[in-house]
Number of protein chains: 2
Amino acid sequence: MATLRDVAREAGVSVATASRAINGLGNVTAPTKAAVMAAVKKLNFVPHSGARSLTRRKTDTVGVILPDLFGEFFSEIIRGIDLVAHESGMHLLLGNMHGSTHETAAAIAAMRGRVDGLLVMPPDLKPELLADYLDPALPTVLLNYDAGSLDLPFVAVDNYHGAYAMTEALLARGARQVVHIAGPKHNRDARDRQRGFADAMAKIAKISNPAILPGDFSEESGVKAAQLLVQGQLPADAVFAANDQMAVGLIAGLAEAGKSVPGDVMVAGFDDIPLARHLNPSLSTMQVHIDRLGSTAMMMLLRILRGETLGGASATILTPTLVARGTTGGAAIPAAVAAAGALPT
Amino acid sequence: MATLRDVAREAGVSVATASRAINGLGNVTAPTKAAVMAAVKKLNFVPHSGARSLTRRKTDTVGVILPDLFGEFFSEIIRGIDLVAHESGMHLLLGNMHGSTHETAAAIAAMRGRVDGLLVMPPDLKPELLADYLDPALPTVLLNYDAGSLDLPFVAVDNYHGAYAMTEALLARGARQVVHIAGPKHNRDARDRQRGFADAMAKIAKISNPAILPGDFSEESGVKAAQLLVQGQLPADAVFAANDQMAVGLIAGLAEAGKSVPGDVMVAGFDDIPLARHLNPSLSTMQVHIDRLGSTAMMMLLRILRGETLGGASATILTPTLVARGTTGGAAIPAAVAAAGALPT
DNA sequence: CGTCATACCGTAACCGGTTACACGAGCAAA
DNA sequence: TTTGCTCGTGTAACCGGTTACGGTATGACG
C-alpha cells in the first residue's frame, strides 16, 4: 500500500506539500497540486485514517456501547444514531457489553484512542461503577439512563409516566383488576415502569397491592405469565406487560388457553415495536420513537464535540405516547391504512 | 490522559520496559512489573489503541459495510457478525453506503487503516465497480453477493432455488395462477428470486408468462400490489412476494379489500423475519438464517486473517428451507408453542 | 580471576500521517 | 538598493505506542 512519502517522491515534492495538496489546505500552486494528484492516482494512494487520527487527535468516530444487539430495539437505536452520524461524516464503532459488567469495562477501555466520543447504554449498571469505567475526558452521552448523581448528559424515556398513563387508560376502559408483567429486576426501565403502574393503581383505583407477575422482557416470559395467570386462576380483566415482546408472548399464551383478547382480558404493552400493529388484534402500547433515542443522543454528542455547551438541554426526556389499538378494544385502525402511512398511528 | 511515557517516568523505568510489563511479554522482573502496574493504577493509564494499531499493523477491528440499516434483516446480520467477532476479541466498525454508489466508495476508503478486514454487502453494485473500490490487499468477504468474475470469498443465500421451491410448493397445494411480487429491479436477490419463480412456473406448471407485479421490498409496495391485484381483476389463487416485508403489506391490503387468506388466495413470502410467525394467519415463507449469513462471513474472514487458506470453502451458499404456515393453509403451529421454543419451526 | 551465556533493561528508530517553523524567491514600497 | 511582505515549499518534530538492537550486571564455569 502506498504511503504519503511514496506519493511525495513520485510527485517530486516533500511530504508536507503532498499532505497539503491532498487535503486542499491552500498554499499549493496549481501545477504542484496537479502533480501530487497524478501521483495519488498512479499509486492509488488512500490515506491511512489510523495514522491521520493519531496526529489530528480526532478520529471522526463515535463509540456505541450497547448491552446487547438482539431485537428491534437496538437496531432502531443504531439506525437513529447512524442517521445523524452520517450527516456529519462520523463513523460508528460498535461495542457490545454482552450483559457482563466485566465486559463493559473492557469495551469502554478498548475505545480509547479510537473514538472522539461515546454513546453508552448501561441499563443495569450502578452509576458509581459506570463512573469508574468512563474516562472523564471523553465526551459521553448516556442512552436511556438517568445518570442521577453523575452529571453526564443523557437522553431517556419517561418510563414512569408512560406506564402511569397506560394504566390510567386501562382503568378508564373499565378494567379493575389490572395485572402487571414486570421486566428484569435489576433493569431500570423495568423498575420505572413498574413504579408507574403501581402508583397509578394506588392513586386512581385505590388498589395498593396490585398483582405483579415476574418477567424478563422476553417473549417466552410472556407465555409463562399467561400460563401462570390462567392456571393460577388469578382474576384479571387487563394485563399490562412491561414491554411489547412479553405482550406478544402473553397474547399467544392466552389464545392457547382459550382466552379471547380483548373480550376476556385486555392487553397492553410498551415500546411499540413494528410488530405491534401487525398483530391481530393489534397491540395497544406506549409508543417510543426508539430511533429518536439514538438520534437525539448523537446530536447531543455532536454538539459537545463542537464545543457547544448543552446548558439546560443536557438531559432530554422523551415522552412516550399512548397508542390505543385492538387489544384494549380501542380504535382498531385497519392494518393496510396504517401500513400505507395514511395515518400517523 | 496519561501516556506510556508518563507511566514509565512514574515507575522509574523506560518506555520499553513499561510496554513489556503491561503487555506481559516476559523479560521483566516481578518487582519492576509491579512498579509499572502501580504507576498504571495511579495514573489510571489506558492504552491508546489507535497508536497501538499503528505500529502493530493490526487493528483488531473489521469493517462492516451495509447498504442500509433499516429493518430486521440488517440487525440480524450485525448480530450474527458480532457473535463471532466478539469471541475473537474483534471490534466492529460500521459503514453505511446509504444506497449511493459514491458513498460506497467513500465508506470503503474511510476504512483504510482502521480495520484488518472488510465485510461488504453490495446488493446492487456491478462487480467491476466493486473491484475498483476494494483494496486487493485488504481481506474482504462479500455478504449475500456472488462475486462471479472477481474471485473474492463470499457467502450467499440460494435465492434461486429457494424461490423455485416455494413456487413448487404453492403449485403442489393446488394453486394454478400464481402471481409474483418482485423486488427492486437492480437488486440481485430480487432478480434471482424472480428467476426461480419464473422457471418453476415454466417447468412445473408449463406457464411461460406468469404474472409479475412490481415491488421494492417495502411494506407499502405490498399494499399497492394488493390493490393492483384486486382492482385489476387479476386472476390469482396464490401470491408469492419476493420478501416477507411485502407479504405483510400484501396481506393487509387483501384484508382491506375483503379477500381472505388463505381462503381466497394463498400468500407466501421470503426471509422468515421474526414477524412472520406472529401474523394471523402466520406467514408461509422461505426461512433464511439471516444471522448465520453474518456469522459465517465473519468466520471466513477470521480464517483469512489467521492466514489459513479457505480452499474450496471460499464460497458458502446457505440454502433456505421452506416453512409452511397458515397463509398457505399449511400446518399452522399454535403461536404460543412456537414462541416457547417447543418446536424448532 | 577471566570468559561467556543469560536475563533485564534502555536507546532510538519506526508506524504514516500533520503541522510549526524556517527558508528562499518574488515583488512592492521606501 | 535595501527593507519588508507574502507565498510556496521543505525540514523535522511530533502523535503514542512497539520493538530491534545494544549494553550492563549476574552467575556459571574453566
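Note on naming: letters A, B, ... go to the chains in the order of the sequence lines (proteins, then strands), and numbering restarts at 1 for each one.
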Is it true that [X] and [Y] make a salt bridge, defined as a side-chain N closer than 4.0 Å to a carboxylate O?
X	Y	result
B:Asp116	B:Lys58	no
A:Asp6	A:Arg9	yes
B:Arg306	B:Glu308	yes

Please report, rounded to the nearest Å, how far the [atom2] atom of [N] is from the [atom1] atom of [X].
X	N	atom1	atom2	value
A:Leu54	D:dC15	CG	C1'	4 Å
B:His48	C:dC15	NE2	P	19 Å
A:Phe45	C:dT18	CZ	C1'	12 Å
A:Arg112	D:dG16	CZ	P	8 Å
B:Asp6	D:dG17	CG	C1'	12 Å
B:Leu25	D:dA20	CG	C1'	14 Å
B:Leu4	D:dC15	CG	P	13 Å
B:Arg114	C:dG16	CZ	P	16 Å

Is [X] near enough to [N] that one of its side-chain N or O atoms lies under 4.0 angstrom from OP1 or OP2?
X	N	answer
A:Arg57	D:dG16	yes
B:Arg52	D:dG16	no
B:Thr32	C:dC9	yes
B:Thr55	D:dG16	no
B:Asn27	C:dC8	yes

Quiz prompt | Residues in contact with DNA chain D, drawn from residues 9-24 of chain B - heavy-atom cutoff 4.0 Å | solution =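 Those residues are B:Ala16, B:Ser19, B:Asn23.
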In this structure, which one of [options] forms a side-chain contact (heavy atoms from CB on, under 4.5 Å) with [X]?
X	options	result
A:Thr140	A:Leu301, A:Leu119, A:Val120	A:Val120
A:Phe73	A:Leu66, A:Val288, A:Asn144, A:Asp68	A:Asn144
B:Leu69	A:Ile81, A:Ile78, A:Leu83	A:Ile78

Practice problem: Return the angle between end axes of the helix from C:dC1-D:dG30 to C:dA30-D:dT1, with five pairs used per end and rounding to 10°. | Solution: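 The value is 70°.
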Practice problem: Establish whether the base of D:dG17 is bridged to the side chain of B:Arg56 by a donor-acceptor pair shorter than 3.5 Å. | Solution: no
Contact class for [X] (heavy atom, under 4.0 Å): base, sugar-phosphate, or nothing?
X	answer
B:Ser49	nothing
B:Ser53	nothing
A:Arg5	base

Treating [X] as the side-chain partner and [Y] as the backbone partner, does any N or O pair qualify as donor plus acceptor under 3.5 Å?
X	Y	result
A:Ser100	A:His102	yes
B:Thr296	B:Arg292	yes
A:Ser49	B:Arg112	yes

Practice problem: Work out which heavy atom in B:Ala109 is nearest to a heavy atom in A:Val46; give both atom names and the distance. | Solution: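 Scanning both residues completely, I find the closest heavy atoms to be O-CG1, 3.7 Å.
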